[in-house]
Colleague: 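The structure's right below; bear with me while I get my questions together.
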Amino acid sequence: MRITAVLSSAALSMMANTKNTKNVAMHWFRKGLRLQDNPALLHALETAKKSDEGRLYPVYVMDGDCYQLKHCSALKANFLVECLIDLDKSLKDVGSRLYVVSGDPTKELPALWEDWDVTHLTFEADETGEPYAKARDESVMNLCEEKGIEVESFCSETIFPLGDYVKKSGGLAKVPATMGKFQGIFGKMGKVPKPLNAPTKEDFKPIIDKEQAKETKGKMLPPKRATDLPWPRDTPKADATPIWGPKDCKNLTPITRGGESKAQESLSKSMAKAAWVAGFEKPKTSCTSLAPSTTSISPYMSVGCLSPRTVWHAISNAVAQAPASAPKSKPPVSLHGQMLWRDFNNLIAHSANQDNPGSWGKMEGNKYCREVPWSENERFLTAWKNGETGYPWIDACMKQLETEGWIHHLGRHAVACFLTRGDLWQSWEGGALHFEGQLLDADYALNGFNWLWLSCSGFFYQYFRCYSPVAFQKKNDPHGHYIKKWVPALKNMPAKYIYEPWKAPASVQQTAGVKIGKDYPLPIVDHALESKENMNRMKEAYAAYKAGGSKAPSPTKKKTPPPKEAAPAKKKRKVQQTLKL
DNA sequence: ATGACGTTGGAGCG
DNA sequence: CGCTCCAACGTCAT
């Protein structure tokens, strides 16, 4: 479970004299914003308890450059703060608290170590190799070594440590690149360990130091309220409207606020529907229902308010409680399957970054990503982001994203396909970046994987299977309730035209109180034409990839550039103006 | 070589 | 609803 242990000579000599030494542990929260099933936190606690007057400081660092908040929506920032507030509350319930500091972790942590005479540091490992986290953690570990602080990181972000999957696969080169293969590896990993209990008041009792508060020297910001945290810009207050479940929609169950306690509630609520859990098939869940048709625990997973092992066993328990007659689904579509996808994607991100550091999340140099000569059209990307493509189903999804920070998985498929290989032929990187900032559940590994998949850049190659921005949802939501909710301009548009409002005769538009082209945009491109043309482009890109030495790609070296006369990608496209059909 | 398969396509048909 | 076909994918088992 533990993957690193840097022991300096100073730390070693300290350990030799444990009796006379005061163990001062710090647990550094980054993700893993929970008490339950938190091996690193428990280890810190045990360390502190080993010595008389031992202490434990739970710390969160809001990066001075606001890494956590810089690229994200106010909604997402709010969610993170709510998680911290909840964590602080839970820690207070057991006699401790959370210290939140603002600044560069490599500056702020050493200052705190000094102030508090910290001897031990723990944190949850980031195994994916996300560049920011990797650089940060390496620096901090080096500092620990310098200052004689014992540091240990623990793998609890995935069901099994990614390194163990690699070993079981027979090395990095053999890491599975398909779900089926991954399931095979997973099956060899043994039983999923039971999650660890959250520490209790009793656990904390021996180490509670009433003087802690005085030692902060003005450096700590008690996270009682969102406004006490260092904001880079205007953000909603923690007590603002619930992030999910806008007030104007009565039918929507107010779902989540950030934090482990809310996460547990949400999980229990889903798991109570035992038969539903047992029969869950992801592709059959609705992406147009006004309330989520899935568990919607993903935002909690992404910041670690829930551990994957906890969720895994919760699913197992629910399935066991389902009636014997209830249909049972299986991976990859079942709920267990969803957990497998998560570990699989993390393993892939890890593998890509091991091969070429920082390559995951990018096209160039990413061993899993084919190079495709996407075009660059700022207007297209902006229209997509703003939900102004003129395709109501696409725009509705993008509006939901903006408003709630969440879209159903299949909605994500539709908009991702539309931006890339389907219609707009824009690089998936721009889309991924937008998702990363907007989605409450944005996850480095999963986001990248899904963008590769949907853009047919990796893992999925059937580019001739293309989502239609019109047809795809017509069968599920023929009246367009979902569209009417998220694109209010079309709320009076008759169902007949709701997916293709530009086809509505002028009189119909007038009655509906919307003039297409003025109150709601005309379609940004002609899907029928562009999707066909893009399939040809994709075919060319694949051919170029094959010709360009796909056999032995040198990860760090740039592959041969896309076809020289791939002029079509550059060709200026005209907005469709004549729309009568 | 060939065919089955791959978490979730669309259109047309009965 | 389920079936077939659609120009078009790559991977793996046989």
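From a predicted model like this one, the values you see are computed outputs, not experimental measurements. Letters go in sequence order (proteins before strands), and every chain restarts at 1.
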Colleague: Tell me the interatomic distance from A:Phe460, atom CZ, to B:dT7, atom C1', rounded to whole angstroms.
Modeller: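 One finds 10 Å between C1' of B:dT7 and CZ of A:Phe460, rounded.
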Colleague: Can you check whether A:Asn386's main-chain N or O pairs, donor with acceptor, with A:Lys399's side chain at less than 3.5 Å?
Modeller: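 Side chain of A:Lys399 to backbone of A:Asn386: a pair is present.
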Colleague: Just to confirm, is there a sub-4.0 Å distance from OP1 or OP2 of B:dT7 to any side-chain nitrogen or oxygen of A:Lys330?
Modeller: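 So the side-chain polar atoms of A:Lys330 never come under 4.0 Å of the phosphate oxygens OP1 or OP2 of B:dT7.
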Colleague: Does a side-chain N or O from A:Arg370 land closer than 4.0 Å to OP1 or OP2 of C:dG10, or not?
Modeller: yes
Colleague: Choosing from B:dT8, C:dA8, B:dT7, which nucleotide comes nearest the side chain of A:Tyr463?
Modeller: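 My answer, after comparing the listed nucleotides, is C:dA8.
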Colleague: Can you classify the ring geometry of A:Phe472 versus A:Trp393 as parallel (below 30°), tilted (30 to 60°) or perpendicular (above 60°)?
Modeller: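 If you compare the ring of A:Phe472 with that of A:Trp393, the planes turn out tilted.
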Colleague: Figure out the CZ/C1' separation between A:Phe464 and B:dA11, and round it to whole Å.
Modeller: 16 Å
Colleague: Choose from B:dT8, C:dA8, B:dT7 the nucleotide whose nearest atom is closest to any side-chain atom of A:Pro332.
Modeller: B:dT7
Colleague: Would you mind pulling out the nucleotide paired to C:dT14, Watson-Crick or G-U wobble, both distances under 3.5 Å?
Modeller: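 WC or wobble partner is B:dA1.
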Colleague: Quick check, does A:Trp341 stack with B:dT7? I mean ring centres under 5.5 Å and planes off by under 30°.
Modeller: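 According to the criterion (under 5.5 Å, under 30°), yes, A:Trp341 stacks.
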Colleague: Using the P atom in both, what is the distance from B:dG3 to C:dA8, to the nearest Å?
Modeller: 14 Å
Colleague: Starting from P on B:dT8, measure out to CG on A:Leu410 and report it in whole angstrom.
Modeller: 10 Å
Colleague: Using a 4.0 Å heavy-atom cut-off across all strands, classify A:Met179 as base, sugar-phosphate, or nothing.
Modeller: sugar-phosphate
Colleague: Between B:dG10 atom P and A:Tyr499 atom OH, what is the distance in whole Å?
Modeller: 12 Å
Colleague: Taking the side chain of A:Ala471 as heavy atoms from C-beta outward, which of B:dG10, C:dA7, B:dT8 is closest to it?
Modeller: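 Side chain of A:Ala471 sits closest to B:dG10.
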Colleague: Compare the minimum distances between each of C:dA13, B:dG10, C:dA7 and the side chain of A:Lys181, then state the nucleotide with the smallest one.
Modeller: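 Ranking C:dA13, B:dG10, C:dA7 by closest atom to the A:Lys181 side chain puts C:dA13 first.
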Colleague: Where the side chain of A:Phe472 is concerned, which of B:dG9, C:dC12, C:dA8 is the nearest nucleotide?
Modeller: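 Side chain of A:Phe472 sits closest to B:dG9.
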Colleague: Which nucleotide in the list C:dA7, B:dT7, C:dC9 gets nearest to the side chain of A:Pro283?
Modeller: B:dT7
Colleague: Taking the basic N atoms (NZ, or NE/NH1/NH2) and the acidic carboxylate oxygens, is any pair closer than 4.0 Å for A:Lys485 and A:Asp477?
Modeller: no
Colleague: Quick one: which of A:Lys362, A:His434, A:Glu364 gives a side-chain contact (heavy atoms from CB on, under 4.5 Å) with A:Glu429?
Modeller: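 With A:Glu429 as partner, A:Lys362, A:His434, A:Glu364 yield a single side-chain contact (heavy atoms from CB on, under 4.5 Å), made by A:Lys362.
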Colleague: Between P on C:dA8 and CD on A:Gln462, what's the gap in Å once rounded to a whole number?
Modeller: 12 Å
Colleague: Hey, is A:Glu265 close enough to A:Lys269 for a salt bridge, meaning N to O under 4.0 Å?
Modeller: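 Salt bridge: no.
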Colleague: Give the nucleotide from the list B:dG10, B:dT7, C:dA8 with an atom nearest to the side chain of A:Lys539.
Modeller: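 Closest nucleotide to the A:Lys539 side chain: C:dA8.
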Colleague: Looking at A:Ser329 and A:Ala278, would you say the former's side chain and the latter's main chain have a donor-acceptor pair under 3.5 Å?
Modeller: yes
Colleague: Take atom C1' in B:dT8 and the same atom in C:dC12, then report the distance between them in whole Å.
Modeller: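 One C1' to the other, the span is 22 Å.
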Colleague: What is the distance from CZ of A:Phe449 to P of B:dG6, rounded to the nearest Å?
Modeller: 15 Å
Colleague: For C:dA7, which nucleotide in any strand shown is its Watson-Crick or wobble partner with both distances under 3.5 Å?
Modeller: none
Colleague: Return whichever of A:Arg465 or A:Tyr542 has its heavy-atom-nearest nucleotide of DNA chain C closer to the 5' end.
Modeller: A:Arg465
Colleague: For B:dC5 versus C:dC3, give the span between their P atoms, rounded off to a whole number of Å.
Modeller: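 Between the two P atoms, the distance is 15 Å.
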Colleague: Using side-chain contact (heavy atoms from CB on, under 4.5 Å) as the criterion, point out the one residue from A:Leu490, A:Ile483, A:Val415, A:Thr389 that pairs with A:Asp395.
Modeller: A:Thr389
Colleague: Rounding to an integer number of Å, can you tell me how far A:Lys532 NZ sits from B:dG9 P?
Modeller: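 Distance check: A:Lys532 NZ to B:dG9 P gives 16 Å.
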Colleague: Can you tell me the pairing partner of C:dG2 across any strand shown, Watson-Crick or G-U wobble, with both distances under 3.5 angstrom?
Modeller: B:dC13
Colleague: Given B:dT8, C:dA8, C:dG10, which nucleotide is nearest the side-chain atoms of A:Lys546?
Modeller: C:dG10
Colleague: Between B:dG6 atom C1' and A:Phe459 atom CZ, what is the distance in whole Å?
Modeller: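 Interatomic distance, CZ of A:Phe459 to C1' of B:dG6: 14 Å.
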